[in-house]
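Notes follow the structure.
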Amino acid sequence: MSTDQAAAPPIFIECQRQGGIAFPLRRPKISVAVAGLDEADRQALMRLVRAADFASQPAAFPAPGHPDALETQLTVAWPDHSATVRFRDGDGHPAPLDELAGWVLRHKR
């Protein structure tokens with residue numbers, strides 16, 4: 001990814017959580033359109049996207065987590081490409097992925 005692409009704001013961020021054994025669930029995908037955000041939210045989102053460093057994340061984390069773990073699918077779309085990563089509770093993924101997913105879930109429109 002070039003420096004220009006890394007600095008460009010994404011078009012949208014999408015998050016979906018699913019899974020669990022005791023009470024399996026599949027929540028709908030939550031999308032946040034960056035263009036609809038105010039400046040403070042847009043800046044906060046950009047910090048979270050940079051911290052999540054999608055360019056260095058695998059498409060999915062291999063560790064299984066715990067049996068009742070929820071899986072999160074997080075997608076960031078830029079004007080010319082997108083990146084998706086899947087991770088589960090307890091699989092050792094970086095905390096910034098959780099922070100970005102939590103932000104999206106709290107800011108659904």
Side-chain angles (χ1 to χ4, degrees):
M1 181 183 321
S2 74
T3 305
D4 291 342
Q5 289 174 327
I11 297 171
F12 72 87
I13 313 279
E14 185 174 78
C15 183
Q16 182 176 31
R17 300 228 6 159
Q18 61 189 5
I21 291 175
F23 184 67
L25 64 95
R26 182 177 179 90
R27 295 182 184 160
K29 291 180 182 176
I30 303 298
S31 293
V32 174
V34 176
L37 298 173
D38 64 35
E39 185 61 27
D41 280 341
R42 197 170 19 259
Q43 292 299 320
L45 178 61
M46 287 303 297
R47 282 191 299 275
L48 290 168
V49 168
R50 281 191 291 274
D53 191 16
F54 268 68
S56 69
Q57 302 303 337
F61 282 81
H66 55 83
D68 202 27
L70 291 177
E71 179 181 86
T72 300
Q73 177 177 304
L74 191 57
T75 300
V76 178
W78 289 270
D80 61 350
H81 71 287
S82 66
T84 299
V85 65
R86 291 178 185 262
F87 53 93
R88 298 185 65 146
D89 296 343
D91 68 3
H93 63 273
L97 292 174
D98 284 322
E99 293 164 9
L100 179 56
W103 191 96
V104 170
L105 294 173
R106 287 189 306 275
H107 286 82
K108 65 182 177 181
R109 302 257 180 228

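Everything quoted here is computed from the prediction, not taken from an experiment.
Both Trp78 and Val85 are members of a single hydrophobic cluster when ILVMFWY side chains are connected at heavy-atom separations under 4.5 Å. In the hydrophobic cluster analysis, where Ile, Leu, Val, Met, Phe, Trp and Tyr join through side-chain heavy atoms closer than 4.5 angstrom, Leu105 is grouped together with Val49.
Here CZ of Arg88 is found 6.0 Å from CD of Glu71. Values are rounded to the nearest 0.5 Å. Between Ile13 atom CD1 and Leu37 atom CG the span is 9.0 Å, to the nearest 0.5 Å. In this structure, the separation between NE2 on His93 and CD on Gln57 is 9.5 Å, given to the nearest 0.5 Å.
The shortest side-chain heavy-atom distance between Pro10 and Met46 falls under the 4.5 Å cut-off. Put simply, the side chain of Pro79 reaches to within 4.5 Å of the side chain of Ile11, judged on heavy atoms. Put simply, the side chain of Thr84 does not reach to within 4.5 Å of the side chain of Phe54, judged on heavy atoms.
Residues Thr75 and Ser82 share a closest heavy-atom pair of CG2-CB, 4.4 Å. Taking each heavy atom of Arg42 and Val34 in turn, the nearest pair found is NH1-O, 3.4 Å.
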Working for side-chain contact (heavy atoms from CB on, under 4.5 Å), residues Leu100 and Val76: CA-CA 10 Å; Leu100 179 56; Val76 178; 4.2 Å; yes

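Take Glu14 and apply the side-chain hydrogen bond (donor to acceptor under 3.5 Å, both in side chains) test, not counting sequence neighbours, and it matches Ser31. Scored by the side chain to side chain contact (heavy atoms under 4.5 Å, CB included) test, Ala44 finds Arg47, Trp103 as partners (sequence neighbours excluded).
With salt bridges taken as basic N to acidic carboxylate O contacts below 4.0 Å, one links Asp89 and Arg17.
In this pair, Phe87 and Phe61 present their aromatic rings perpendicular. The plane angle is above 60°, beyond the 30 to 60° band.
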